[in-house]
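Not measured: the values here are computed from a predicted model.
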There are 2 protein chains.
Amino acid sequence: MAKRKPVSIRDVARESNASLTTVSLVLNKRDGRISSATRERVLKAVDKLGYVPNRLAQSLQAQKSGFLAILVPELRHVFADPYFGELISSIEEAANEAGYKLLLEVAHKKDIEQKRHVELFQRRFVDGLLCLGSTNRDEFLGDFVGSDNAVVIVNNHLPALSLNSVMCDYRQAGVLAAEHLIDLGHKEIAYIHGAAEVQTASDLRESFEARLASSGIKMPKNHAADGLYTEEGGAAAAAQLLKTNPKITAIMAGNDKMAIGAIAGLKNAGLSVPNDVSVVGCDDLQPSIYADPPLTTIHTPLDEVGHRACSAVLALFDGKQDRVTETLPVSLTLRNSTCGPRKIR
Amino acid sequence: MAKRKPVSIRDVARESNASLTTVSLVLNKRDGRISSATRERVLKAVDKLGYVPNRLAQSLQAQKSGFLAILVPELRHVFADPYFGELISSIEEAANEAGYKLLLEVAHKKDIEQKRHVELFQRRFVDGLLCLGSTNRDEFLGDFVGSDNAVVIVNNHLPALSLNSVMCDYRQAGVLAAEHLIDLGHKEIAYIHGAAEVQTASDLRESFEARLASSGIKMPKNHAADGLYTEEGGAAAAAQLLKTNPKITAIMAGNDKMAIGAIAGLKNAGLSVPNDVSVVGCDDLQPSIYADPPLTTIHTPLDEVGHRACSAVLALFDGKQDRVTETLPVSLTLRNSTCGPRKIR
DNA sequence: ACGGACAGATAAATCCTTTTACTTCCTAAA
DNA sequence: TTTAGGAAGTAAAAGGATTTATCTGTCCGT
C-alpha cells in the first residue's frame with residue numbers, strides 16, 4: 001500500500017490550464033471576476049482529480065487552526081465521568097455547528113510544568129481553550145490572564161484569576177436545595193461537600209448554609225463531611241455522619257455522584273432513603289434518574305453551559321468580545337429521594 | 001488586546017546573526033556541524049524571544065499532522081456514556097505517551113453524507129482514525145477498505161468489511177457468562193440483547209446460547225428481548241420477560257447498562273435481585289460497582305483495548321504493520337447480582 | 001486616434017519550517 | 001605548492017494554499 005501522492009492545487013491548475021490564483025478564486029467562491037467558462041474548466045478538473053484543499057496549508061496561511069481544545073483535569077478515567085461527558089457532548093455540538101473541531105487535552109502534570117498549555121496557542125494548535133473541572137489550585141491558568149488567548153473556564157470561576165467563565169448559578173442551587181429541605185420540615189441537616197478548591201463547590205455550600213441559617217437552622221461543624229467527589233467518598237461520609245449524629249434526617253451532597261454514594265452508604269447502614277434520611281444531589285446527570293431511589297437534585301443546565309461556553313470562546317477569538325462572565329439559572333428536579341423527616345427514632 | 005505578532009524562526013535567525021538553516025538545525029538537534037559558540041548564540045536568541053515553532057508549518061512540511069481522531073456514533077450525550085469514556089481515556093493515555101493529540105469526531109449524518117470522514121485524511125487533519133461504537137450498518141466505513149489510511153475499529157469487528165480491529169473476545173464472554181449461570185444451577189434463562197447490527201453483540205449472544213445449548217439448556221424465542229442498549233430498555237425488557245415467563249430465574253444482558261436497567265425493572269416489579277432473579281452484565285464499567293446489588297458481570301479489558309488500538313493505528317501509519325486484528329481475553333467479575341435459582345415460586 | 005474603464009487572468013509574495021545541495025575556509029598530507 | 005577532505009555555515013527549494021498587485025486586452029467615448 002504505497003501512499004499515493006495527494007493532489008494539490010497545482011495539479012488542478014495544470015489540468016485546467018489556469019493559474020493557481022484562478023483555481024483558488026473559484027474554489028473560494030470569490031470568483032466574481034472569473035468567466036463562467038473558466039470556472040467550469042476548473043471545477044471539472046477539481047472533480048476529475050478529486051482535489052481537496054490541504055487544511056494545514058490553509059491554516060498556516062489563514063493564521064487560524066480551526067480547532068478548539070477541551071482541557072480536563074488528570075483524573076483516573078476522567079472521560080468516563082458523565083459530568084465531563086455531558087459538557088463535552090454539548091461543546092461538541094456547538095463546535096461542529098460553527099465548523100470547528102475539538103481537541104482533547106488532559107492536564108498531565110508534566111505537560112503543565114513544561115507550559116504545554118501555553119504552547120497550545122503559541123504553536124497554533126488551537127484558536128481557543130475550554131477549561132473543564134478547573135480548581136483554585138490550578139495556578140497555571142494564571143498564564144492566560146491578560147493574554148489575548150481565547151480561554152473560557154467552563155462551569156466554574158476562579159476568584160483569584162480574572163478569566164472568562166460560563167457557569168451555572170451554584171449560589172442559587174444552594175438556596176433552592178435548602179428551601180426544599182426546609183419546606184419538607186427538616187431541621188437536622190448534614191452536608192457532604194466536594195473539594196474545597198472548587199469554587200462552585202464552596203459557593204454551593206456557603207449559600208446552602210446561609211439559607212438554612214436565615215431560617216434559624218444551624219449546621220454544626222460535625223454535620224459536614226468530605227465526600228471527595230466520589231461515590232465511595234459519599235458513601236463513607238454518609239455512614240460516618242449518621243453514626244456521629246443519629247438525629248440527622250436529611251443530607252445535601254455537593255454533586256450527584258456523592259449523593260448516589262451516600263444513598264448506598266445509608267442503605268448499607270440499614271437506613272431507608274428517603275424514609276429515614278432524605279438525600280439531595282446537585283447536577284442532575286443521567287445516573288441520578290436510575291439511582292434507587294431516583295435522586296432529587298438540582299438541575300444544572302450543562303447543555304446550555306457547553307453551548308454558551310463554545311460561543312463565548314469563538315466570540316473571544318474573533319475579537320467580537322473582550323470579556324465573558326455568564327451565570328445561568330438552575331432549578332430543582334423533584335424525584336424520590338426526599339420526603340418529610342421521620343417522626344421519632 | 002491586540003494580537004501580538006508571533007515570533008518566527010526568521011526573527012531568531014536575525015537576532016542571532018545566523019541563517020534559518022542554522023537555527024533549524026540547532027533546534028532539531030541535528031547540529032553536529034554547528035560550533036558550540038553558534039549554538040549558544042542561537043539558543044540565547046530563542047530564549048530571549050520566546051520562540052516556539054509553529055506546528056502548522058512543521059506539519060505541512062513533515063506531511064503529518066500529529067493528530068489521531070476518535071470517531072464516535074451520533075448518540076445523545078455519547079460522551080457521557082462511560083463505555084465510550086473509558087475507551088477514550090485509555091486511548092488518550094497511549095496517544096499522549098506517543099506524542100500524539102486526539103481529535104473528537106462525531107459521525108454526524110450530514111458529515112458522513114459529504115464524505116467528511118475520508119476528508120479527515122485527504123485534508124491532512126489526522127494521521128489515523130479510531131472508530132468506536134461502529135455497527136454493521138456503518139457502510140461509510142467501506143470507504144476505508146483498501147485505502148492506505150490508518151484506521152482501526154475499536155472493540156468491534158465488521159465481518160462484511162476487511163478492516164483492522166482490536167477487541168475483546170465476546171465469544172469467550174458469552175461462554176463465561178453461560179457457564180457461571182449453569183454452575184449456579186439455573187435452567188430458565190433469558191437474554192436481553194443490544195442492537196443486532198453490533199457484531200460483538202451478536203457474537204456474545206450466539207456464544208452464550210450455544211454454551212447453554214451444549215449443556216442441554218434451550219432458550220426459546222420468547223426468552224429474549226431487545227434492551228436497546230439503554231437502561232430504560234433494559235428495565236422494560238426485564239419486566240416484559242418476567243411477565244411472559246414467570247419461571248425465569250436468571251437474565252443475561254448484553255451490557256452493564258441494560259443489566260442495571262434490568263435490575264431496576266425487576267425491583268420495580270417487586271422482585272428481588274439476586275434472590276428471585278439473577279442478573280449478569282457485560283463490560284464491567286464503574287457504575288456496575290455502585291449498582292444495587294453490585295453487578296456480576298464480564299470484565300472486558302477496555303483499557304488494554306484502548307492502548308493497543310492506539311499503538312495499532314500508529315504502527316499502521318508508520319507502515320510498520322499492514323494489518324491488525326487483535327482479540328483480548330475477558331474474565332468473569334463476581335459481585336452480588338447472581339446466586340442460585342429460587343426453589344419454588 | 002487616444003485615454004480611460006473594465007473584464008479576465010496571473011506572477012509573485014506570504015504564511016513558517018525543514019532539508020537538500022552547495023559554498024567557504026582551513027588544515028594536513030603528498 | 002597543490003589537493004583532498006573536513007568543518008561550519010547558508011541559499012534555495014519544497015510543502016500547499018491565499019492574496020495583493022499587476023498585466024493584458026477589449027470596448028467605449030470623444
Side-chain angles (χ1 to χ4, degrees), chain A residues 3-43 45-46 49-67 119 121-127, chain B residues 3-43 45-46 49-66 119-127:
Chain A
K3 309 232 169 193
R4 285 183 293 283
K5 196 181 176 232
V7 278
S8 82
I9 197 171
R10 247 185 193 82
D11 305 314
V12 176
R14 194 176 317 123
E15 173 80 21
S16 63
N17 262 313
S19 71
L20 299 186
T21 314
T22 305
V23 176
S24 175
L25 290 174
V26 169
L27 285 166
N28 295 292
K29 316 260 151 132
R30 321 191 72 33
D31 52 358
R33 48 197 179 138
I34 306 292
S35 71
S36 56
T38 309
R39 189 194 347 273
E40 287 310 312
R41 258 189 11 255
V42 169
L43 291 176
V46 166
L49 301 179
Y51 168 75
V52 196
N54 179 321
R55 80 141 243 294
L56 287 168
Q58 285 181 317
S59 294
L60 175 60
Q61 135 78 27
Q63 306 267 56
K64 51 184 255 181
S65 67
F67 290 133
E119 288 188 6
F121 287 97
Q122 295 176 328
R123 305 197 54 196
R124 314 275 129 172
F125 271 104
V126 302
D127 297 340
Chain B
K3 307 230 172 198
R4 284 183 295 284
K5 195 179 176 236
V7 277
S8 83
I9 198 172
R10 248 190 191 77
D11 304 314
V12 177
R14 194 176 316 123
E15 173 80 20
S16 62
N17 263 313
S19 71
L20 300 188
T21 314
T22 303
V23 176
S24 175
L25 290 175
V26 169
L27 285 166
N28 295 292
K29 316 256 152 138
R30 318 193 77 29
D31 52 357
R33 47 199 179 140
I34 305 294
S35 71
S36 55
T38 309
R39 187 192 353 269
E40 287 311 311
R41 268 200 349 267
V42 169
L43 291 176
V46 165
L49 302 178
Y51 168 75
V52 195
N54 179 323
R55 86 146 242 282
L56 287 168
Q58 284 181 318
S59 294
L60 175 60
Q61 137 78 29
Q63 306 268 56
K64 51 182 255 179
S65 67
E119 288 188 7
L120 233 36
F121 287 97
Q122 295 177 326
R123 305 196 55 196
R124 315 275 130 172
F125 271 105
V126 302
D127 297 339

When we call it a touch if two heavy atoms are under 4.0 Å apart, what does [X] touch: a base, just sugar-phosphate, or nothing?
| X | value |
| --- | --- |
| A:T22 | base |
| A:L60 | base |
| A:T38 | sugar-phosphate |
| B:V52 | sugar-phosphate |
| A:A18 | sugar-phosphate |

Nearest heavy atoms of [X] and [Y], plus distance in Å:
| X | Y | answer |
| --- | --- | --- |
| A:V7 | A:G50 | CG2-O, 3.9 Å |
| A:S65 | A:V126 | OG-CA, 3.3 Å |
| A:R55 | B:R124 | NH1-O, 3.0 Å |

**Request:** Quick one: do B:S16 and B:V23 satisfy side-chain contact (heavy atoms from CB on, under 4.5 Å)? Show the steps, please.
**Result:** CA-CA 9 Å; B:S16 62; B:V23 176; 4.3 Å; yes
Whole angstrom value for the distance that separates [atom2] of [N] from [atom1] of [X]:
| X | N | atom1 | atom2 | answer |
| --- | --- | --- | --- | --- |
| B:I9 | D:dG15 | CD1 | P | 19 Å |
| A:R10 | D:dT18 | CZ | P | 13 Å |
| B:R39 | D:dA7 | CZ | C1' | 13 Å |
| B:E40 | D:dA8 | CD | P | 14 Å |
| B:I34 | D:dA7 | CD1 | C1' | 10 Å |

Are the side chains of [X] and [Y] in touch, meaning some heavy atoms are under 4.5 Å apart?
| X | Y | result |
| --- | --- | --- |
| B:Q58 | A:R123 | yes |
| B:V46 | B:E15 | no |
| A:E119 | A:F125 | no |
| A:S35 | A:T38 | yes |
| A:S24 | A:I9 | yes |
| B:V12 | B:L49 | yes |
| B:S59 | B:L56 | no |
| B:Y51 | B:L27 | yes |

Could you list, one pair per line, each protein nitrogen or oxygen that sits under 3.5 Å from a nitrogen or oxygen of nucleotides 19-24 of chain D, together with the distance?
residue : atom : partner : partner atom : Å
D:dT19  : O4   : A:T21   : OG1          : 3.2

**Message:** Whether A:Y51 contacts D:dA17 is assessed here as follows: a side-chain N or O lying under 4.0 Å from the phosphate OP1 or OP2. Is that the case?
**Reply:**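 Result: yes.
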**Request:** Using chain B heavy atoms and a threshold of under 4.0 Å, write down where along DNA chain C the contacts begin and end, 5' to 3'.
**Result:**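 The protein-touched segment is C:dC16 to C:dA21.
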**5' priority, DNA chain D, between B:Q63 and A:L27 [closest heavy atom]** =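 This one resolves to B:Q63.
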All N/O contacts under 3.5 Å from nucleotides 25-28 of chain D to the protein, with atom names and distances to one decimal?
none

